[in-house]
Amino acid sequence: MRYNFNDIEKKWQKEWAKRGTFKASNSSDKPKYYVLDMFPYPSGAGLHVGHPLGYIASDIYARYKRHKGFNVLHPMGYDSFGLPAEQYAIQTGQHPAVTTEENIKTYRRQLDQIGFSFDWSREVRTSDPKYYKWTQWIFIQLFESWYNKDTDKAEAIETLIEKFETDGNTSVNAACDDDVVAFSAEEWTAFSSEQQQETLLKYRLTYLAETEVNWCPALGTVLANDEIVNGVSERGGHPVIRKKMTQWSMRISAYAERLLQGLDTIDWTDSLKESQRNWIGKSVGAAVSFNVKDHDATIEVFTTRPDTIFGVSFMTLAPEHELVSKITTEAQKAEVEAYVEATAKRSERDRMADVKTISGVFTGAYAEHPFTKEPIPIWIGDYVLASYGTGAVMAVPCGDQRDYDFAKHFNIPIPNIFDGLDISEEAFTSKENVKIGNSDFLNGLNFKKATKRVIYELEQLGQGEGKTNYRLRDAVFSRQRYWGEPFPVYYVNGMPQMIDEKHLPLTLPEVEKYLPTEEGEPPLGRAEVWAWDTQKNKVVSSSAVDNETIFPLELNTMPGWAGSSWYFFRYMEDAKRDETFASEEALKYWENVDLYIGGSEHATGHLLYARFWVKFLYDRGFVSIDEPFKKLINQGMILGTSAFVYKITRLHFSKDENDEFEFSMNFFSLNKKINHFISAGIEYNQKNLKELFIKSRPKTEKALELYERVKSDLDKYSIKAAIIPIHADVSMVNSSDELNIEDFKNWRIEFKDSIFITEEDGTFKVKRDVEKMSKSKYNVVNPDDIVADYGADSLRLYEMFLGPLEQYKPWNTAGITGVHSFLKKLWKLYNDDNGSKVTDNEPTKDNLKTLHKTIKKVEEDIENFSFNTSVSTFMIAVNELTAQKCSSRAILEPLLILISPYAPHIAEELWEQLGHTQSIATAPFPKFEEKYVIESTKNYPISFNGKMRFTLELPLDMSKEDIEKTVLAYEKTQEQLQGRTPKKVIVVPGKIVNIVG
RNA sequence: GCUGAAGUGGUGGAAUUGGUAGACACGUUGGACUUAAAAUCCAAUGGCCAUUAUGGCCGUGCGGGUUCAAGUCCCGCCUUCAGUACCA
């Protein structure tokens, strides 16, 4: 019987679906375990072999947990809103819903053939109205909430209104906008409805605010930093400017401290926690206000070094700072305006990354030092970012390197306020070993004491206070796109109103084009039916807007991270999805995700937003946990191995210093279009290049002259070829890096008549290089092909075998034969030409030893997510058992269970052959027994001065003293010592012997 | 720039607490089987030197250090990759 993987795999995939083998139950006696993958965006290109890496790992773990007796929830779905579908819609006019549906079908087919144990009955799609109904619902809850800093949690907005009605806002300790003004209860009641709404908006957890965005006027849209290259749009190369825009924001900053503290309670890698900590960016310091001379204005700054306040010699504002236009003097106006304009063209990332070029402009205005009352010049500089802190810094050049560089560059004084420290070369930035000097009442104090004192003095003056600042900014939640969740919002007199939840979902309207409108409104501005009728409670024609009962709807849509911030709860619910986002029973039963696997690129986006929403839902009592992902593992990326063919562009000839020249390849051929390619590795081969030269025919008289001259004296010249590498599709290259020349010629019309300089044996080699797998690099490997040629089990094993899960590693299809032949060997252990050869024979000692050391190793590996090493372990086990001619059921049956999480199809098939009628999926994991692997002797490495010279087999229970005696008496030891007496002998029982001397 | 991660044979990688560096594979070379190819099986395979089996020296990005012993720990560098707030 042969190992017919294609039939076996199809058979079991069908069988699992039919039997509902992997359906999770919401009530079970077994302990629960929730294994989740970050759900994919279904792109038009389908899956390549890099995508399933994490899914295979999580599937192995899920299957392992089933063997270990857990009720496992292992679902999958699609993050199906997103830009690519919209781009495609803009280009082709096809509705994103249609292309998304097609893409999902492809994904599903591809996922199915890899044999994942997903419970597909719980699938979610973020673009499904039944799903985004609840995304909209959560948005409404956020709108109807505020953050009470006293209770340190989100509360219903009604409790805030109550406070306003009884006390005004003076006693309210809330996370809110900076610009709230104090009002009394009476004032509150006297406010108009609009005033009240406007005030509440400053407190709500989602609110409208002016935010800076990258605006591209030509495209009429906002761009991600990513879509901007060198200050212009990636598509089309249009100019991009920073522009303020009213958008929905999420008050994630209210949760900064809890998001930080929560990290201590979850099992994530340190590097990932570190990224989040850094992103949240907590810093403790002081807020200080500086009065501006001759203006009724103050500049608010945050500083982590209030102790250095006497070292301030200038202030720097972000060019976008609102005070800039107010305080700039007539004389400086032109220069300042030019600088502001220039800055608007630079991206934030650009400004942050570029520390070498120092730029800035003096505004002509002065601030007043809070203590000395001395004037301080106010500058603007693009190293200060508007969105960071208050958008202004008090510059202390002696204590901050950027300030120092700025001061040096513009010849601003650098007062030294550190006792006994030299600052003539660079700033002293450490907080350690500081003694403040030259600073009035701070003289002689260290960092800690000076900070405390200065904050006290600032408070006395009413010009500052101690403050903790977070780098984390509120998250912009509006997108000027079509393919996203519509906001359940309409506007009455410019004030946002929520649509009642019983009328949800508010579904996306039809539009004739997916582009922004001519007026620069988002695509929803094109919808003809997009107004809210408050009487009929439904969407009606936009032309019907009368601002009395029919109002305009919000035109922005939600960002990609909206739907992905709560989808893990949706999977928990199976039956009551229409009534609730997830029922209380389901939420209670599954709690949170036990294991989450996904890419590290989500470290600060998705993973932070999801934690924020979960904490919010927890505060409001909708869920019972406040951290969604207990354990998290980042899988690395599988990279492509690109193939390059070398194209010769020029030949460079040299004889001596005075005789050097080049031929362009265009010189030679009669037809310009002929390309010359040279096999990789022989590009400097003189013989080949000279042959090429001789065979060529120059086109012009002048070239012919030169040609003849060189040809007659060719031996004396040395030739170098100038080459450019060109991507060739990896499917045209075999495992020995040889190019299929015919395929390559037919690939593109311009290669048709190319000339190929091959190796001696007629082959043409490509140069390999590792790059990201992508269509444009022609290095994409489709899992469909791998499954067809080698089977899903081989693909699964190979993806794991490639290396550690977290690591980035290149794909190389050639290597898959190794794991494939392993599966064939495994098959042969159970079958020969006449069918099954498994017997009921008693296992030998060796058989048991092999099995049990395999159980131990594999179990440890799975627990440590070291899947690559367990594949090696299986190979070793099968090699050993084959050599032992093992046919014993007592060995081969448990072996199948060990392998089944990795290669489930072949395991099920062999399991069935052994007479089982139940799936292997829930067979109990074999138990490791120490007694089968205990050794009585150890082959000790004997080292001399740390270098291993030979090994010596000794009993493991031999005492240290006896080992030393035996080793020293051994003849090879004496040979090594050559009469010397060892200074020292180190014996580590069970490990090593090292002789020093 | 900032933050995070990674550098070990021709290639992917192994060495889990400092204790035999290169497990397991790929590739390559040689051999068996075959009319031939594929498949399968066997052997060799870090580099250099020497050779009669035996051996010797070097070797985990670079430079130092700690230790009886360093891929592993410490200090200082170099290189590559990722994230950097509207790609998902």
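Only heavy atoms go into these numbers, but all of them, side chains included; no hydrogens, no water, no symmetry mates. Here is the naming used below: chain letters follow the sequence lines, and residue numbers restart at 1 for every chain.
- Of the candidates B/U20, B/G19, B/A88, the closest approach to any side-chain atom of A/Asn994 belongs to B/G19.
- Taking atom P on both B/G1 and B/G10, the two are 32 Å apart, rounded to the nearest angstrom.
- Comparing B/C86, B/A88, B/C26 by their nearest atom to the side chain of A/Ala814 picks out B/C26.
- Using P as the reference atom, B/U72 and B/G19 are 11 Å apart when rounded to the nearest Å.
- For A/Glu860, taking side-chain heavy atoms from C-beta onward, the closest of the listed nucleotides B/C57, B/A23, B/U16 is B/U16.
- At a threshold of 4.0 angstrom between heavy atoms, the contacts of A/Arg351 with the nucleic acid are absent.
- A/Lys772 comes within contact range of no nucleotide atom at all, as no heavy-atom separation falls under 4.0 Å.
- Listed pair A/Gln480 / B/C86 fails the phosphate criterion, with no side-chain N or O lying under 4.0 Å from OP1 or OP2.
- Among the atoms of the strands shown, only primed sugar atoms or phosphate atoms (P, OP1, OP2) are found under 4.0 Å from some heavy atom of A/Asn868.
- Between A/Tyr383 and A/Phe406, the ring planes are tilted. Angles from 30° to 60° get that label.
- With B/U40, B/G19, B/C57 as the choices, the nucleotide that has an atom nearest any side-chain atom of A/Lys824 turns out to be B/U40.
- No more than 12 heavy-atom neighbours from other residues, nucleotides or ligands sit within 6.0 angstrom of OH on A/Tyr88.
- At a threshold of 4.0 angstrom between heavy atoms, the contacts of A/Leu802 are confined to the sugar-phosphate backbone, with no base atom among them.
- Atom C1' of nucleotide B/U84 and atom OH of A/Tyr383 are separated by 21 Å, given to the nearest angstrom.
- Distance check on atom P: B/C41 versus B/C26 gives 10 Å, rounded to whole Å.
- No side-chain donor-acceptor contact under 3.5 Å links A/Lys938 to the backbone of A/Leu956.
- Counting any heavy atom pair closer than 4.0 Å across all strands shown, A/Val222 reaches a base atom.
- Between A/Arg242 atom CZ and B/C86 atom P the separation is 10 Å, expressed in whole Å.
- The base of B/C86 sits within donor-acceptor range of the side chain of A/Gln247, with an N or O pair under 3.5 Å.
- Between A/Lys947 and the phosphate of B/C58, there is a side-chain N or O to OP1/OP2 separation shorter than 4.0 Å.
- As rounded to the nearest Å, B/G56 and B/G4 have C1' atoms that lie 45 Å from one another.
- The residue A/Ser478 sits close to a base: some heavy atom pair falls under 4.0 Å.
- Pair assignment for B/G71: none, as no Watson-Crick or G-U wobble contacts are both less than 3.5 Å.
- Side-chain atoms of A/Lys991 stay outside donor-acceptor range of the base of B/U20, with no qualifying N/O pair under 3.5 Å.
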**OP:** Take A/Phe950 and A/Tyr970 through the ring-ring contact (aromatic ring centres under 6.0 Å, His included) test and state the conclusion after the steps.
**Re:** CA-CA 11 Å; A/Phe950 56 86; A/Tyr970 191 55; 5.6 Å; yes
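- Of all nucleotides present, only B/G83 satisfies the Watson-Crick or G-U wobble test against B/C2, with each distance under 3.5 Å.
- The aromatic ring centroids of A/Tyr482 and A/Tyr514 lie less than 6.0 Å from each other.
- In a base pair of the Watson-Crick type (N1 to N3 plus N6-O4 or O6-N4) or a G-U wobble (N1-O2 and O6-N3), with each distance short of 3.5 Å, B/G59 is matched with no nucleotide.
- Nucleotides B/A6 and B/A38, compared at atom C1', are 40 Å apart to the nearest Å.
- Residue A/Leu608 is classed as having no contact, given no heavy-atom separation below 4.0 Å to the nucleic acid.
- Note on A/Trp279: a base of the nucleic acid sits closer than 4.0 angstrom, heavy atoms only.
- The two residues A/Asp789 and A/Phe5 come nearest to each other via the heavy atoms O-CZ, 3.2 Å.
- One C1' atom belongs to B/A69, the other to B/G18, and the distance between them is 8 Å to the nearest Å.
- Of the candidates B/U16, B/A88, B/C57, B/A88 carries the atom nearest the A/Pro84 side chain, counting heavy atoms from C-beta on.
- Taking only side-chain atoms of A/Leu472, from C-beta outward, the nucleotide of B/G19, B/C24, B/A85 with the closest atom is B/A85.
- Inspection of the A/Trp268 and A/Gln276 side chains reveals no N or O donor paired with an N or O acceptor under 3.5 Å.
- Mapped onto RNA chain B by nearest heavy atom, A/Asp79 and A/Ser872 fall at different nucleotides, with A/Ser872 at the one closer to the 5' end.
- An OP1 or OP2 oxygen of B/G12 is reached within less than 4.0 angstrom by no side-chain nitrogen or oxygen of A/Lys809.
- Across all strands shown, A/Gln807 has heavy atoms under 4.0 Å from sugar-phosphate atoms exclusively, and none from any base.
- When the nucleotides B/G19, B/A25, B/G83 are ranked by their closest atom to the side chain of A/Ile986, B/G19 comes out on top.
- Checking B/U52 for Watson-Crick or G-U wobble geometry (two distances, each under 3.5 Å) identifies no partner in any strand.
- Taking atom C1' on both nucleotides, B/G59 is separated from B/G7 by 16 Å, rounded to a whole Å.
- Under the Watson-Crick and G-U wobble criteria, each requiring two contacts below 3.5 Å, nucleotide B/U34 is left unpaired.
- Within the nucleic acid shown, A/Phe801 comes within 4.0 Å of at least one base atom, counting heavy atoms only.
- In this structure, A/Arg481 does not reach the B/A88 phosphate: none of its side-chain N or O atoms is under 4.0 Å from OP1 or OP2.
- The partner of B/A39, taking Watson-Crick or G-U wobble pairs whose two distances both stay under 3.5 Å, does not exist in any strand shown.
- Residue whose closest nucleotide on RNA chain B sits further toward the 5' end, between A/Pro804 and A/Lys828: A/Pro804.
- With C1' as the reference atom, B/G61 and B/U80 are 11 Å apart, rounded to whole Å.
- In this model, the phosphate group of B/A85 is not approached by any side-chain N or O of A/Arg473 to a distance below 4.0 Å at OP1 or OP2.
- Side-chain contact annotation: A/Asn556 with A/Gln247, donor-acceptor N/O pair under 3.5 Å absent.
- Distances shorter than 4.0 Å separate some side-chain N or O of A/Asn879 from OP1 or OP2 on B/A25.
- Within the shown strands, B/U45 is the pairing partner of B/G27 under the Watson-Crick or G-U definition, both distances less than 3.5 Å.
- Checking B/A15 for Watson-Crick or G-U wobble geometry (two distances, each under 3.5 Å) identifies no partner in any strand.
- Each of A/Trp561, A/Tyr567, A/Tyr132 was checked for a ring pair (Phe, Tyr, Trp, His ring centres under 6.0 Å) with A/Phe81, and the lone residue meeting it is A/Tyr132.
- The side chain of A/Met875 sits closest to B/A25 out of B/A88, B/A25, B/A15.
- Neither OP1 nor OP2 of B/G4 sits under 4.0 Å from any side-chain N or O of A/Arg277.
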